[in-house]
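Written out below as structure tokens is the structure these notes cover.
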Amino acid sequence: MQSFQGYERPDGSAGIRNLVAIVSVMDTCNPVTRGIAAAIKGSVYIPGSYIRGQLGRDRAITLNATAGLCRNPNIAAVVVVGLEPHTTTELVNLIKASGKPVGSVDIQIAGGTIEAIALGTRLAANFARQASKQTRRSFPLSKLLLGLECGGSDTTSGLASNPSIGVVADKVVAAGGSAIISETSEFFGAEHLFADRAIDSAVREKFLHEVNDVEQQIISQGVDLRGSNPTPDNIRGGLTTIEEKALGAMAKSGTSPLVDVLGYGEGPTKPGLHFMNGPAPAVESITGLAAAGCQLALFSTGVGNPIGHPVMTVVKVSGNRNTIDTFSDNVDFDVSAVLEKDETIDSAGTRLFEHMISIASGELTTSEVLSVQESAISRFGLSM
């Protein structure tokens, strides 16, 4: 049985990294949060996204997604940096469900920036020392939640890297694990093909409703999809229509049945292949996957996209020989032999699967080594 070496968490999940998260409750706390994270080895900075002034569903999504990033199995402990105690307590209570250590500091109560950084740094230093005592042990693939992403797509994405990722997704799902594909707008024109993979009519209709709803929202704002997607770099890479792009993007989901449809940042409750309704731009999309609990994402890129995430490990996969040569600092895995040396998709996917196991067991990715990492939660409404 294939396994990976990870860190055990109190809720039974398995982290592939052992990080201390320093997280802002809201955007006004980001300077203090950055100050604490800069002082602590093994910590990651998770910026705040609004909260203050957000309303209803939009505020709930931001709060839950922020908590989801902290509950991610890759996080060993959390220091929450808030402005005032009420909102800080809301977030802390959502994180506590994971059972992991959580501490907090409020800038108003601490007495300003310097004191808040000092208090938060002491909390984080203690958590980092405790986390360093943990050692890796073997976990089955059923403990893995895999994110499926693409960016800077071109013709090689749909022909080589996306289908190779699909082979890995199928192997993880077959072993009892889970995978999530998102980027709703990149299903336009081919959504009926993906819908046919739903396990029942309820999941099928839910998926089609989410795709159609996003399309109608875009049209209602007078936006011509043909002018925004494929993007200029997609077109430079040889993609001609959104339907062509969708057929290639879907390939990274493999062939497994679609078992459920998730909201942005929502974690799955059952194993198998899931769809998450979310935006396509990379940082917002991978943040949603990380908030859902994905420990690792396979990210296909054709003409080049460098970005990773501070919480979720991101593996860049390319089938474009030119990009692999000229963008090598940001590419982790080469599947160009599919197009240039007649390697089969199954062979490339099997090689990628073995590489993924190594990454899950501790090997660092390019975005981790270079700290090319960003986090941004999508917003869906107005602030008051």
Side-chain angles (χ1 to χ4, degrees), residues 1 3-25 33 36-37 40-46 63-82 88-105 119-147 172 175-180 262 265-271 274 287-297 309-313 357 359-362 368 375:
M1 178 187 295
S3 61
F4 66 95
Q5 299 293 312
Y7 297 96
E8 186 172 14
R9 301 299 180 215
D11 62 359
S13 62
I16 67 168
R17 299 292 183 264
N18 203 35
L19 305 166
V20 175
I22 318 296
V23 60
S24 294
V25 176
T33 307
I36 297 169
I40 302 297
K41 185 175 182 178
S43 69
V44 286
Y45 159 60
I46 303 177
L63 191 63
N64 288 324
T66 304
L69 292 172
C70 298
R71 293 193 301 260
N72 187 294
N74 290 348
I75 302 298
V78 185
V79 174
V80 176
V81 179
T88 302
T89 302
E90 275 189 279
L91 180 59
V92 167
N93 288 339
L94 290 172
I95 300 168
K96 280 183 174 177
S98 66
K100 64 184 65 173
V102 185
S104 64
V105 56
L119 288 171
T121 301
R122 291 192 186 98
L123 280 171
N126 181 51
F127 286 155
R129 292 188 67 186
Q130 294 301 316
S132 72
K133 298 177 183 177
Q134 292 184 270
T135 56
R136 290 180 181 269
R137 73 169 181 86
S138 181
F139 286 93
L141 284 184
S142 58
K143 292 288 186 180
L144 198 60
L145 176 53
L146 181 65
V172 170
S178 300
I180 302 176
L262 308 170
E266 181 183 3
T269 59
K270 64 181 81 170
H274 294 69
T287 299
L289 295 172
C294 292
Q295 302 106 314
L296 185 148
H309 194 272
V311 170
M312 176 184 66
T313 300
I357 296 294
I359 294 290
S361 299
E368 289 176 319
S375 184

Requested in this report: With the side chain counted from C-beta on, respond yes when Val23 and Leu69 share a heavy-atom pair under 4.5 Å apart, and no when they do not.
Outcome: no
Interatomic distance, CD@Glu368 vs OG1@Thr313, rounded to 0.5 Å, equals 4.0 Å
Of all heavy-atom pairs linking Gln295 and Ala14, the shortest is NE2-O, 2.8 Å
d(Ile36 CD1, Ser24 OG) to nearest 0.5 Å is 8.5 Å
### Message
Closer than 3.5 angstrom, by distance alone: can the side chain of Lys100 be matched with the main-chain N or O of Ile95 as a donor-acceptor pair?
### Response
no
All heavy atoms of Val311 vs all of Asn74, minimum pair found to be O-ND2, 2.9 Å
Point to revise | Verdict with supporting geometry, Ser138 and Ser3, side-chain hydrogen bond (donor to acceptor under 3.5 Å, both in side chains) | key: CA-CA 6 Å; Ser138 181; Ser3 61; 3.2 Å; yes
Taken to the nearest 0.5 Å, the spacing of Cys294 SG from Leu146 CG works out to 7.0 Å
Heavy atoms of Pro271 and Gly177 approach each other most closely as CB-O, 3.9 Å
Q. When you look at Val25 and Thr66, which way does the side-chain contact (heavy atoms from CB on, under 4.5 Å) test go after all the steps?
A. CA-CA 8 Å; Val25 176; Thr66 304; over 6 Å; no
#### Entry: Verdict with reasoning, Asn18 to Arg9, per side-chain hydrogen bond (donor to acceptor under 3.5 Å, both in side chains)
CA-CA 10 Å; Asn18 203 35; Arg9 301 299 180 215; 3.0 Å; yes
Residues Ala292 and Pro268: closest non-hydrogen pair is O-CD, 3.8 Å
Applying side chain to side chain contact (heavy atoms under 4.5 Å, CB included) to Ala360 and not counting sequence neighbours gives Phe4, Ile16, Leu296
Using modelled atom types and a 3.5 Å cut-off, is there a donor and acceptor pairing between side-chain atoms of Ser104 and backbone atoms of Val80?
no
dist Ile357:CD1 -> Leu144:CG (nearest 0.5 Å) comes out at 7.0 Å
For Pro310 and Leu19 the tightest heavy-atom approach is O-CD1, 3.5 Å
Hey, does Ile46 have a side-chain heavy atom less than 4.5 Å from the side chain of Thr33? no
Worksheet item: Is there a donor-acceptor pair under 3.5 Å between the side chain of Arg71 and the backbone N or O of Ser98?
Response: no
One should read off an interatomic distance between Leu141 CG and Ser178 OG, to the nearest 0.5 angstrom, of 11.0 Å
Next on the checklist: Could you walk me through whether Ile180 and Leu145 satisfy the side-chain contact (heavy atoms from CB on, under 4.5 Å) test, starting with their C-alpha distance in whole Å, then the side-chain angles of each, then the deciding distance to 0.1 Å, before giving a yes or no?
Outcome noted: CA-CA 8 Å; Ile180 302 176; Leu145 176 53; 3.9 Å; yes
Distance-only check: which donor-acceptor pairs under 3.5 Å involve side-chain atoms of residues 119-130, not counting sequence neighbours?
| residue | atom | partner | partner atom | Å |
| --- | --- | --- | --- | --- |
| Thr121 | OG1 | Ile117 | O | 2.6 |

On a heavy-atom basis, the closest approach of Leu289 and Gly147 is CD1-CA, 4.1 Å
key: Trace of the side-chain contact (heavy atoms from CB on, under 4.5 Å) decision for His309 with Ser375   = CA-CA 6 Å; His309 194 272; Ser375 184; 3.0 Å; yes
